[in-house]
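Down below is the structure, laid out as structure tokens.
Ligands are counted one by one from 1 in listed order, and the atoms in each one are counted from 1 as well. Atoms considered below: every heavy atom in the structure, side chains included; atoms not considered: hydrogens, waters and symmetry mates.
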Amino acid sequence: MSRDWRRRGLKIERVIQNSMSKPTTYRFSFGPWNISEGADPFGPEVRPAFPHEKKYALYKPMGFDGVQFHDDDVVPGIDELNSAQISKQCAKVKKMLDNQGLTPEFVAPRLWFAPQTVDGGYTSNSAKDRKYALDRTLRTIDIAREIGSKAVVLWLAREGSYIRESKNARLAYQRILETINAMLAHDKDIEIWIEPKPNEPTDMAYVPTIGHTVALAYASSDPKRVKGLIETAHALLAGLDPSDEMAFALAHDKLGSVHLNDQNGLKYDQDKNFGAANLRTAYNQVRVLEEAGYGKKGEFIGLDVKAMRTQKGKCVTSHLTGSREIFLHLVEKVRSTDEKLVQQFRDARDYEALELYILKHLMGIK
Ligand code: XUL
Ligand code: MN
């Protein structure tokens, strides 16, 4: 074991002790896209539109302090505006956030809508389209700084392939790394949080897991500023356990944020309410976060949940408040887990008894 790893191990033990002595007060965030009109690939909107500007007033009363943005959530029509116009719009959004007492958690370049990114951005075979993707990403960093956000999220939506032969995958990974380095060079403070996802909209996406993300971080020119954002559903779509993915990132000090939600098997990306498909998996995610002291340095609990299409009403938000409530109930479950008993079961290697204890604890049976 290298000395660095040993030091990190000791640090993790300290964090576990700290998190036991001082409970974390969690802060929650979501993006305006999480309040949607219910369109899906098979049908149109089913609820009346509710403008983005009106959504921000809902955050605080719902118990949320952080806003996650796409670049064009901050600056609608971004591709048609010059930098002075973009700055003016950023100032307007910053004022609104200050007035509402909200923190802009991150800004993500929406690189999956433009005609230039049909075949990907950073990994497109067209040099002109790669330049569009980089320019828009650097502009997103400027937007993040102007509204007071310390991070840019890269969900690498169309960086992948539908057929293997269409791209050189090794070159694609090199191009992603070059983009990360160009972003780090563009701004000396900005953090880059990559949100891995294995598929959808592409068949096979590059950077499908947090392992790929952490490898890219270490290969970059400033590893400290490159982290991951783990979404429950994305980890499940990769056939992985989201709490283990989070633990891996935390062991490397590389969990920038989370998108908690749920996923019922290997289907399309469902963004179900947190805990809705598998409460025990949700409990284990909360357990890993809580044990590591996640949130003590201001990290947010982000919820990337989608309202059911069947839900009636204008501006449906109960999926967000419900997911937040379930998270907080699970924090209580984690805090009331009898850790001494867990340790006894571990020492005796009696995992049958441990499993029964956990299931009964989750069901509220003494
Ligand atoms: C896509 C996804 C996105 C990102 C933000 O599956 O999760 O909403 O979280 O661009
Ligand atoms: Mn997400």
message: Heavy atoms only, cut-off 4.0 Å: how does Gln68 contact ligand 1, side chain, backbone, both, or neither?
response: neither
- prompt: Is the closest basic N to carboxylate O distance between Lys197 and Glu231 below 4.0 Å?
  reply: no
statement: So the atoms of ligand 1 within less than 4.0 Å of a heavy atom of Glu195 turn out to be 2 (C), 4 (C), 5 (C), 7 (O), 9 (O)
task: Report, in ascending order of atom number, the atoms of ligand 1 lying under 4.0 Å from any heavy atom of His259.
output: 9 (O)
query: Rounded to 10°, how big is the angle at the Mn ion (ligand 2) from Glu195 OE2 to Asp304 OD2?
result: 170°
query: Closest N/O/S atom of His259 to the Mn ion (ligand 2), by atom name?
result: ND1
- prompt: Is the cationic atom of Lys55 (NZ for Lys, CZ for Arg) positioned less than 6.0 Å from the six-membered ring centroid of Phe30 and within 45 degrees of its normal?
  reply: no
field: Proximal ligand 1 atoms for Asp269, defined as those under 4.0 Å from one of its heavy atoms
entry: 6 (O)
Phe327: which of Tyr283, Phe300, Tyr26 passes ring pair (Phe, Tyr, Trp, His ring centres under 6.0 Å): Tyr26
- request: Tell me, please: is Arg110 in heavy-atom contact with ligand 1, that is, under 4.0 Å?
  value: no
- prompt: Parallel, tilted or perpendicular: which describes the rings of Phe64 and Tyr59, with under 30° parallel and over 60° perpendicular?
  reply: perpendicular
statement: Note: ligand 1 atoms sitting under 4.0 Å from heavy atoms of His70 are 5 (C), 10 (O)
Ligand 1 N/O within reach of Trp155 N/O, cut-off under 3.5 Å: no
message: Looking at Glu53 and Lys92, is there a salt bridge between them, counting it only when a charged N and a carboxylate O are closer than 4.0 Å?
response: no
message: Please determine whether any non-hydrogen atom of Glu200 lies less than 4.0 Å from an atom of ligand 1.
response: no
- request: Could you state whether Trp193 and Trp155 fall into the same hydrophobic cluster, counting links through intermediate Ile, Leu, Val, Met, Phe, Trp or Tyr residues with side-chain heavy atoms under 4.5 angstrom apart?
  value: no
- prompt: Is the closest N or O pair between Trp112 and ligand 1 shorter than 3.5 Å?
  reply: no
field: Spacing of OG belonging to Ser87 relative to CD belonging to Glu146, to within rounding of 0.5 Å
entry: 3.5 Å
N/O/S atom name from Glu231 that is nearest to the position of the Mn ion (ligand 2): OE1
- request: Could you tell me whether any N, O or S atom belonging to His234 is less than 2.8 Å from the Mn ion (ligand 2)?
  value: no
message: Regarding Asp135 and Arg139, does a basic nitrogen lie under 4.0 Å from an acidic carboxylate oxygen?
response: no
query: Under 4.0 Å from ligand 1, counting heavy atoms only, is it the side chain of Asp304, its backbone, both or neither?
result: side chain
- prompt: Are Asp222 and Lys188 ion-paired here, with the side-chain N under 4.0 Å from a carboxylate O?
  reply: no
